[in-house]
Amino acid sequence: MRSHNCGELSAGDLDREVRLAGWVGARRDHGGIVFINLRDRYGVTQVVFNPERLSRDDFEKSAALHSEDVIQVRGRVTRRPAGTENPRMSTGEIEVLAEGLVLLNRCAPIPFEIDEAAQVSETVRLGYRYLDLRRPVMQRNLILRHRAARTAREFLSEKGFVEVETPLLTRSTPEGARDFLVPSRLDPGKFYALPQSPQLSKQLLMVSGLDRYFQLARCLRDEDLRADRQPEHTQIDLEASFVEPEDIQDLVEEMVARIFQTVNGRPLERPFPRLTYQQAVDVYGSDKPDRRFGLEITDVTELAAAGGFEVFRKAVAAGSRIKGLALPGVDPSVTQLKGYEEKVRELGARGLVWIKAAGGNFQSPVAKFLGPEILAGLAGKFGLEKGVIFMVADADRKASLLLGAFRLMLASDFNLVPPDRFCFLWVVDFPLFEHDEESKRLTSVHHPFTAPRPEDLDYLESEPLRVRSQAYDLVLNGTEIGGGSIRIHQAELQRRIFKILNLEPAAWEREFGFLLAALERGAPPHGGLALGFDRLLTTFLGLPSIREVIAFPKTQKGACLMTGAPSEVSPEQLKDLDLRRIS
RNA sequence: GGGGCCGUGGUGUAGCGGUUAACAUUCCUGACUGUCGAUCAGGAGAGCGCGAGUUCGAAUCUCGUCGGCCCCGCCA
């Protein structure tokens with residue numbers, strides 16, 4: 001149907017007789033001559049309809065073409081007349097003089113223009129996603145996604161990893177996110193769960209001796225959506241036997257660098273820095289620090305409590321720490337600073353103390369309590385000549401986390417995030433457990449199959465919160481793009497963990513009995529990681545939302561605006577599944 | 001579960017107690033043989049997401065509801 005695509009013709013093809021097919025883009029009708037931009041996935045080529053070159057019939061058809069009609073053109077490649085070349089088009093030196101035109105399909109009126117510049121609300125875009133995906137940017141995103149996936153597959157294949165598909169219909173397990181459930185028709189009243197990740201499957205493949213597994217795996221979680229979260233997302237999931245954390249980290253760094261090269265066309269600096277969980281929280285107030293800018297958190301408890309500010313003294317006496325960060329070079333208004341006091345309270349702080357510094361002078365609501373020496377001392381501690389110091393007093397960890405959230409707010413408000421920077425880091429040495437307020441019990445920070453660090457094993461029962469895990473997260477620009485761990489490969493240790501998590505033995509034997517049985521039968525030491533593929537691409541491409549790299553995403557309420565999913569089903573379908581609505 | 005922002009011709013916006021609901025673009029008609037965001041002339045197209053209420057009067061105010069987006073919780 002076509003001899004060339006719309007992006008490949010150039011001055012090297014002059015005089016060639018060609019056939020092109022594609023969509024009618026911008027049309028310029030001069031009465032006696034008609035120009036159109038013919039577009040396909042590969043590019044845009046100008047086609048000229050001149051009545052001297054084609055039949056009267058075809059010329060009249062060309063004048064009646066509409067945007068997004070699908071046509072086939074036969075014609076000759078010619079150099080554009082001097083002065084009419086278009087340097088903004090890769091095919092701008094040439095044009096195709098049409099000698100024949102076939103209208104392959106008409107296009108009904110469309111809700112928005114297929115134009116890079118057109119501003120269209122996401123609601124409308126999602127309602128006509130096939131048109132939205134006709135836009136070159138979206139095609140670029142999907143193509144880069146494909147190339148990245150291909151790079152990952154090639155890389156892992158080279159390294160001896162075997163791609164294995166794991167079930168979509170699996171067993172619901174108690175830990176973790178809410179499951180999507182699928183009712184069983186053959187066994188009424190029972191349900192499959194869609195996998196939140198292939199975690200257990202891949203561990204079992206290690207027990208099988210497959211040694212190295214990977215999968216571009218769809219993961220499904222029935223939780224609330226965000227800009228970086230969809231109910232189904234794709235992970236580059238991998239697992240290997242006889243490995244230590246560094247083996248996985250090195251491998252993943254190499255792979256991520258290669259994907260980055262594919263997508264962004266340049267190399268990455270390696271190795272990625274490593275930060276312990278404790279350092280990350282202390283310095284950045286987050287377990288996924290954004291290190292594209294400074295604003296590091298400093299503990300100033302001793303200095304700040306030494307002054308006459310009662311609030312600080314009392315807080316410290318009650319066990320709080322005073323921490324702060326400095327915003328250099330700025331001169332915000334008092335109104336703006338008061339606004340921040342309010343915002344930080346909304347984050348859960350009891351208050352926010354600010355000190356404006358400029359050339360040795362200080363302005364602060366608490367200046368008279370702290371006194372000149374302490375003010376100067378704080379400025380020195382933060383290395384601040386001119387700018388603002390912000391401080392909070394709260395329990396150690398809470399103070400850090402508050403400032404961590406505040407830090408992101410400031411970076412965004414004062415435009416401190418440099419564009420086109422990619423700050424990767426590993427966060428390691430996570431605690432194995434954390435205390436869950438709601439259920440009043442211990443829960444796993446990662447998942448219950450994560451191995452503790454061997455040197456902390458003795459504290460498992462006595463001081464479980466002190467136990468660190470062999471888990472590692474890969475963080476990029478403040479986004480967690482991957483996480484993994486060395487897994488527990490011994491049934492006995494796995495049972496100890498279940499016990500500490502306060503799971504009933506009967507329950508875990510029922511839910512995870514198959515895993516324990518497998519671990520008892522020659523399970524090798526193993527570990528792995530999963531990379532959030534959609535997030536990785538979103539961040540690499542600097543896009544605002546994960547939806548930009550997913551062909552058919554859901555809205556925040558989990559709906560597909562194009563198909564109308566989720567939808568009601570017929571009474572017959574429900575009956576087959578032994579289901580009935582109760583509300 | 002909670003907080004915030006937003007729903008006005010096909011699309012993107014303006015209007016924020018009394019307007020013939022404005023602008024741009026798309027679309028339609030006509031003119032035009034070198035345009036490329038073509039140009040020029042003319043025309044069509046919304047009663048303001050939906051429902052109550054306040055008011056002499058509501059796109060503008062209030063409440064509810066539906067939908068979209070951002071965030072907290074949640075997401076091992």
Side-chain angles (χ1 to χ4, degrees), chain A residues 25-39 44-53 59 63-64 66-68 78 80-89 91-92 95 97 107-128 131 173-179 196-197 199-200 219-231 233 343 346-348 405 408-409 412 430 432-434 436-438 442-450 469 471 473 480 483-485 497 501 530 532 535 544-545 547 554-559 561:
Chain A
R27 205 170 94 264
R28 285 143 257 136
D29 182 348
H30 289 248
I33 186 167
V34 176
F35 301 92
I36 64 157
N37 286 345
L38 189 63
R39 190 197 66 241
V44 176
T45 300
Q46 172 161 287
V47 178
V48 187
F49 296 95
N50 188 319
E52 291 163 17
R53 299 297 299 252
F59 181 72
H66 291 82
S67 273
E68 300 306 311
T78 53
R80 292 195 189 189
T84 66
E85 302 88 351
N86 187 343
R88 297 201 310 280
M89 287 170 77
T91 60
E95 60 195 6
L97 266 181
C107 179
I110 50 175
F112 55 87
E113 295 157 71
I114 312 301
D115 182 346
E116 295 299 327
Q119 295 291 305
V120 191
S121 74
E122 200 172 2
T123 314
V124 176
R125 289 175 55 200
L126 291 177
Y128 297 86
L131 293 181
T173 52
E175 294 283 304
R178 190 176 295 109
D179 283 322
Q196 298 174 25
S197 85
Q199 182 59 36
L200 293 173
C219 301
L220 302 113
R221 295 170 191 180
D222 189 6
E223 296 290 351
D224 288 357
L225 287 79
R226 284 294 151 73
D228 62 354
R229 249 194 261 158
Q230 283 275 306
H233 76 282
K343 283 182 181 169
E346 282 165 17
L347 292 172
L408 298 180
M409 197 189 291
S412 143
F430 280 83
L432 188 62
F433 303 111
E434 64 192 342
D436 181 51
E437 289 297 325
E438 207 178 315
L442 292 177
T443 56
S444 298
V445 168
H446 277 83
H447 55 59
F449 319 110
T450 305
S469 71
D473 276 2
E480 183 199 321
S485 64
I497 300 290
L501 291 171
R535 273 188 193 178
S545 145
R547 296 184 295 275
K554 304 284 190 288
T555 68
Q556 199 159 52
K557 286 192 104 182
L561 295 183

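Just so it is clear, the structure is predicted and the values come from calculations on it, not from any experiment. The sequence lines fix the lettering, A, B, ..., with proteins before strands; numbering per chain opens at 1. Scope of the values below: all heavy atoms of this structure, side chains included, with no hydrogens, waters or symmetry mates.
The base of B:G37 lies outside donor-acceptor range of the side chain of A:D115, with no N or O pair under 3.5 Å. The base of B:C75 is not paired with the side chain of A:R221 by any donor and acceptor separated by under 3.5 Å. Judged by distance alone with a 3.5 Å cut-off, no donor-acceptor contact links the side chain of A:E113 to the base of B:U25. The base of B:C36 lies close enough to the side chain of A:N86 for a donor and an acceptor atom to sit less than 3.5 Å apart.
Using a 4.0 Å cut-off between a side-chain N of Lys or Arg and a carboxylate O of Asp or Glu, A:R39 and A:E68 qualify as a salt bridge.
Between the CZ atom of A:R229 and the C1' atom of B:C70 there is a distance of 12 Å, rounded to whole Å. For the pair A:K554 NZ and B:G68 C1', the computed distance is 16 Å after rounding to whole Å.
Picking from B:G12, B:C69, B:C75 the nucleotide with the shortest atom distance to the side chain of A:A177 gives B:C75. Checking B:C28, B:C36, B:C70 against every side-chain atom of A:N37, the shortest atom distance belongs to B:C36. In this structure, the nucleotide among B:G68, B:G12, B:C36 sitting nearest to the side chain of A:S121 is B:G12. Closest approach to the A:A559 side chain among B:U33, B:G68, B:C36 is made by B:G68 (side chain taken as heavy atoms from C-beta onward). Closest to the side chain of A:R226, out of B:C27, B:U11, B:C74, is B:C74.
Taking atom P on both nucleotides, B:G42 is separated from B:C6 by 37 Å, rounded to a whole Å.
Base pairing analysis places B:U33 opposite nothing; no Watson-Crick or G-U wobble pair with both distances below 3.5 Å involves it. In this structure, B:C61 and B:G53 make a Watson-Crick or G-U wobble pair, each of the two defining distances being under 3.5 angstrom. Partner assigned to B:A24 is B:U11, using Watson-Crick or G-U wobble distances below 3.5 angstrom.
Stacking between A:H30 and B:G34 is absent: the ring centroid is not both under 5.5 Å from the six-membered base ring centre and under 30° in plane angle. For B:U35, the base is stacked against the aromatic ring of A:F35, per a cut-off of 5.5 Å between centres and 30° between planes.
Distances shown here put every side-chain N or O of A:Q119 at or beyond 4.0 Å from the OP1 or OP2 atom of B:U11.
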